[in-house]
Amino acid sequence: KANLEIKLSGVYNYTTTTGKIYEGNLEDSILYKTFETTGTKTSLWVSINKKYTVTARYYISENWYYVVNSVTPRVRYDKENCNDPCYFVYDRVVDLRLKYTK
């Protein structure tokens with residue numbers, strides 16, 4: 001398992017951001033989990049070596065904005081920086097922050 005870190009835009013007017021995690025590509029429509037938050041980041045546990053597409057929905061100034069991004073969390077063995085065998089998870093951060101709004 002990997003702890004998926006999801007970065008979100010600051011929520012405007014204390015509204016809730018709704019997010020969805022899909023297994024594979026978005027067009028496959030395999031919904032893994034739905035989440036809601038009022039914060040700027042959240043985290044969820046997912047399986048490693050599997051592609052996930054994550055979406056966030058924002059409501060700003062009477063308009064809906066959607067952000068989509070994908071990750072494939074993987075584990076890498078690191079024998080150089082540890083005395084004992086150690087592993088770390090990479091590609092586990094999803095950036096769903098809004099770049100700009102119209």
Side-chain angles (χ1 to χ4, degrees):
K1 295 276 184 179
N3 192 10
L4 202 63
E5 181 183 326
I6 302 169
K7 295 180 181 181
L8 302 161
S9 289
V11 180
Y12 303 92
N13 299 327
Y14 301 102
T15 58
T16 302
T17 300
T18 302
K20 293 182 180 182
I21 301 176
Y22 296 90
E23 291 182 0
N25 296 320
L26 182 62
E27 58 269 13
D28 295 338
S29 300
I30 304 171
L31 183 61
Y32 177 75
K33 188 169 188 108
T34 301
F35 64 91
E36 291 185 348
T37 185
T38 56
T40 57
K41 65 180 172 178
T42 189
S43 61
L44 298 164
W45 289 95
V46 296
S47 298
I48 59 171
N49 298 326
K50 197 180 248 190
K51 181 178 181 178
Y52 294 95
T53 302
V54 187
T55 65
R57 181 177 73 168
Y58 301 98
Y59 187 72
I60 304 168
S61 302
E62 299 183 16
N63 290 306
W64 288 104
Y65 295 90
Y66 293 87
V67 181
V68 180
N69 202 345
S70 298
V71 293
T72 305
R74 299 182 189 274
V75 175
R76 180 172 288 155
Y77 174 68
D78 185 5
K79 61 182 176 182
E80 303 294 324
N81 298 318
C82 303
N83 292 332
D84 295 328
C86 61
Y87 300 86
F88 67 94
V89 179
Y90 66 99
D91 197 18
R92 65 177 194 85
V93 178
V94 185
D95 187 358
L96 294 178
R97 294 177 291 185
L98 287 169
K99 303 294 183 210
Y100 57 90
T101 58
K102 190 173 184 181

Visitor: Tell me, please, which residues at least two apart from Tyr66 pass ring pair (Phe, Tyr, Trp, His ring centres under 6.0 Å).
Guide: none

Visitor: Return all side-chain donor-acceptor pairs below 3.5 angstrom for residues 88-98, not counting sequence neighbours, or 'none' if the list is empty.
Guide:
{"unit_1": "Asp91", "atom_1": "OD2", "unit_2": "Thr72", "atom_2": "N", "d": "3.1"}
{"unit_1": "Arg92", "atom_1": "NH1", "unit_2": "Asn3", "atom_2": "O", "d": "2.7"}
{"unit_1": "Asp95", "atom_1": "OD1", "unit_2": "Arg97", "atom_2": "N", "d": "3.1"}
{"unit_1": "Asp95", "atom_1": "OD1", "unit_2": "Arg97", "atom_2": "NE", "d": "2.8"}
{"unit_1": "Asp95", "atom_1": "OD2", "unit_2": "Arg97", "atom_2": "NH2", "d": "3.0"}

Visitor: Could you tell me which non-hydrogen atom of Tyr87 sits nearest to which non-hydrogen atom of Val75, and how far apart they are?
Guide: CB-CG1, 3.7 Å

Visitor: Find the distance between OG (Ser29) and NZ (Lys20) and round it off to the nearest 0.5 Å.
Guide: 10.0 Å

Visitor: Apart from Trp45 itself, which Ile, Leu, Val, Met, Phe, Trp or Tyr residues share its cluster (side-chain heavy atoms under 4.5 Å, direct or through members)?
Guide: none

Visitor: Apply the test side chain to side chain contact (heavy atoms under 4.5 Å, CB included) to residues Thr42 and Phe35: give CA-CA distance (whole Å), side-chain angles for both, the deciding distance (0.1 Å), then the verdict.
Guide: CA-CA 9 Å; Thr42 189; Phe35 64 91; 3.9 Å; yes

Visitor: For Glu36, what residues pass the side chain to side chain contact (heavy atoms under 4.5 Å, CB included) criterion, not counting sequence neighbours?
Guide: Thr16, Thr18

Visitor: Hey, are the side chains of Val54 and Ile6 touching, using non-hydrogen atoms and a 4.5 Å cut-off?
Guide: yes

Visitor: Within this structure, what is the NZ-OG distance for the pair Lys99 and Ser9, rounded to the nearest 0.5 Å?
Guide: 8.0 Å

Visitor: If a pair satisfies salt bridge (Lys or Arg N to Asp or Glu O under 4.0 Å) and one of its residues is in residues 45-61, list it, with sequence neighbours excluded.
Guide: Glu23-Lys50

Visitor: Taking all heavy atoms of Ser47 and all of Pro73, pick out the closest pair and write down the distance.
Guide: O-CG, 4.3 Å

Visitor: Hydrophobic clustering (ILVMFWY, side-chain heavy atoms < 4.5 Å, transitive) - are Leu8 and Leu44 grouped together?
Guide: yes

Visitor: Please confirm whether the ring centroid of Tyr32 lies under 6.0 Å from the ring centroid of Tyr52.
Guide: yes

Visitor: Mind checking what makes side chain to side chain donor-acceptor pair (under 3.5 Å) contact with Ser70, not counting sequence neighbours?
Guide: Thr53

Visitor: Examine distances only and state if a side-chain atom of Asp28 and a backbone atom of Leu26 form a donor-acceptor pair shorter than 3.5 Å.
Guide: no

